[in-house]
Enquirer: 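Questions regarding the structure given below will be posed in turn.
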Amino acid sequence: MALSWGLRCCRRALSWVPVLVIVLVVLWSYYAYVFELCLVTVLSPAEKVIYLIFYHAIFVFFTWTYWKSIFTLPQQPNQKFHLSYTDKERYENEERPEVQKQMLVDMAKKLPVYTRTGSGAVRFCDRCHLIKPDRCHHCSVCAMCVLKMDHHCPWVNNCIGFSNYKFFLQFLAYSVLYCLYIATTAFSYFIKYWRGELPSVRSKFHVLFLLFVACMFFVSLVVLFGYHCWLVSRNKTTLEAFCTPVFTSGPEKNGFNLGFTKNIQQVFGDNKKFWLIPIGSSPGDGHSFPVRSMNESQNPLLANEETWEDNDDDSRGKKAHKEFFSPPSRASTNKEHVSTTNAV
């Protein structure tokens, strides 16, 4: 017991090492830019003031979003998705898998759950003892089920999901802007040092390394940020990009794609004045989401909504929509299902 507790403490402490590395790099970059570049190397007072004003404005949002990404706790499913004590005992005491499966189906009928496992079963977490809401997954690092889980990020030592995905995207955006601003303003002085137009003092090495580190981080961050922008434009998570969601009617890779504008609003909210500020504005509670190819009567979140916008690949979306509603094999069920779909 004591050994297990000690290992958990060591693991918890080591998980903060990547965050500590980022913090140390940022603190050094602040010193190198503010003191060694602006106060020592830059000679023009007006240029110093301009550089420092814009730098600190970006720095504030950069550190603010990083803080929010780290310390905003992942949101877990509420109590109604957990099995009751009686249901839990019944489920664990039942030895027949098919009966267990049917028990979960009966429980899921009372919940707004429309996604399934690859085999068509209800998504159930046997560690948290709950029926997983749509887009919810269990994080083995955090040891919990996380609503709209995207991934676990070691650089923020946190699970990125419904509660902090907006902050994570903003952190990536301001990180790219931070590195780009440092690189562009330090480049001219890098050239001057390289040509020997400035005296070779201690500031020279700080400026040279500052430009190198900024460019290195910029390249890696802009790729990661671009990938997540693509995910947002399709209303996908990282997990859904690698594993197609399965609905009650079958797999549908564009099942949550509502159109470009509405996809962005699913992360940042309807009020555009909050899009650049790390304040929670994502719509909903993270337990259920509008689904593109689901009947309004089945999903109350679609009620009274306008027609979804078509994205750039509209023809491909229509094809996927048609395949998603492909009828079962039996003819009678086929006619009834097609008529219901046409009525929608």
Enquirer: Determine, using ring centers only, whether H228 and F168 are less than 6.0 Å apart.
Expert: yes
Enquirer: Going by atom types only, do Y51 and E47 share a side-chain donor-acceptor pair under 3.5 Å?
Expert: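 The criterion, which ignores hydrogens and geometry beyond distance, is satisfied for E47 and Y51.
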Enquirer: Are I22 and L24 connected, step by step, through hydrophobic side chains (Ile, Leu, Val, Met, Phe, Trp, Tyr) whose heavy atoms are closer than 4.5 Å?
Expert: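 Hydrophobic grouping puts I22 apart from L24.
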Enquirer: Distance alone, cut at 3.5 Å: any donor-acceptor contact between the side chains of S119 and T117?
Expert: yes
Enquirer: To check you understand the geometry: which heavy-atom pair defines the closest contact between N235 and N263, and what is its length?
Expert: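 Heavy-atom minimum between the residues: CB-OD1, 3.2 Å.
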Enquirer: Taking the side chain as everything from C-beta on, heavy atoms only, tell me whether F59 gets closer than 4.5 Å to Y33.
Expert: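 The answer is no, as the side chains (C-beta and beyond) never meet within the 4.5 Å cut-off.
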Enquirer: List for me each residue that meets side chain to side chain contact (heavy atoms under 4.5 Å, CB included) alongside H129, sequence neighbours excluded, and say none if there are none.
Expert: K88, E92
Enquirer: So for atom CZ, which belongs to F187, do other residues, nucleotides or ligands contribute more than 12 heavy atoms lying within a distance under 6.0 Å?
Expert: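 12 or below, so no.
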Enquirer: May I ask you to check whether D150 and T238 show a side-chain donor-acceptor distance below 3.5 Å?
Expert: yes
Enquirer: At what distance, to the nearest 0.5 angstrom, does CD1 of I182 lie from OG of S29?
Expert: 5.0 Å
Enquirer: Quick check: do Q76 and C145 have side-chain heavy atoms less than 4.5 Å from each other?
Expert: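 In short, these two side chains do not touch, never coming nearer than 4.5 Å.
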Enquirer: Under a 3.5 Å distance rule, please check whether S282 uses its side chain to pair with a backbone N or O of V267 as donor and acceptor.
Expert: yes
Enquirer: Side chains of P74 and L147: closer than 4.5 Å at any heavy-atom pair?
Expert: no
Enquirer: Heavy atoms only: give me the nearest H138-K132 pair and the separation to one decimal.
Expert: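 Between these two residues, the closest heavy atoms are N-NZ, 4.2 Å.
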Enquirer: Check whether more than 12 heavy atoms from other residues, nucleotides or ligands sit under 6.0 Å from atom CD of E197, and answer yes or no.
Expert: yes
Enquirer: Would you say the side chain of Q75 lies within less than 4.5 Å of the side chain of H287, judging by non-hydrogen atoms?
Expert: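 In short, these two side chains touch, coming nearer than 4.5 Å.
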Enquirer: Working to the nearest 0.5 Å, report the span between CE of M107 and CD of Q102.
Expert: 10.5 Å
Enquirer: Would you mind reporting whether Y189 and L211 have side-chain heavy atoms less than 4.5 Å apart?
Expert: no
Enquirer: Can you tell me if CH2 on W194 sees more than 12 non-hydrogen neighbours from other groups inside 6.0 Å?
Expert: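 At most 12 heavy atoms, drawn from other residues, nucleotides or ligands, come within 6.0 Å of this atom.
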Enquirer: In terms of heavy-atom contacts, does CH2 of W28 have more than 12 from other residues, nucleotides or ligands at under 6.0 Å?
Expert: yes
Enquirer: Would you say the side chain of K166 lies within less than 4.5 Å of the side chain of F274, judging by non-hydrogen atoms?
Expert: yes
Enquirer: Would you check if there is a donor-acceptor pair between the side chains of T237 and K148 at a distance under 3.5 Å?
Expert: no
Enquirer: Test side chain to side chain contact (heavy atoms under 4.5 Å, CB included) on H56 and V34 and set out the steps.
Expert: CA-CA 9 Å; H56 282 93; V34 172; 4.0 Å; yes
Enquirer: In a check of ring pair (Phe, Tyr, Trp, His ring centres under 6.0 Å) between Y178 and each of F54, F171, Y55, F217, which one passes?
Expert: Y55
Enquirer: Looking at Q265 and W275, what are the two nearest heavy atoms and their distance?
Expert: CG-CZ2, 4.3 Å
Enquirer: Under 6.0 Å from the CZ atom of F71, do we count more than 12 heavy atoms belonging to anything else shown?
Expert: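 Buried by this count: over 12 neighbours within 6.0 Å.
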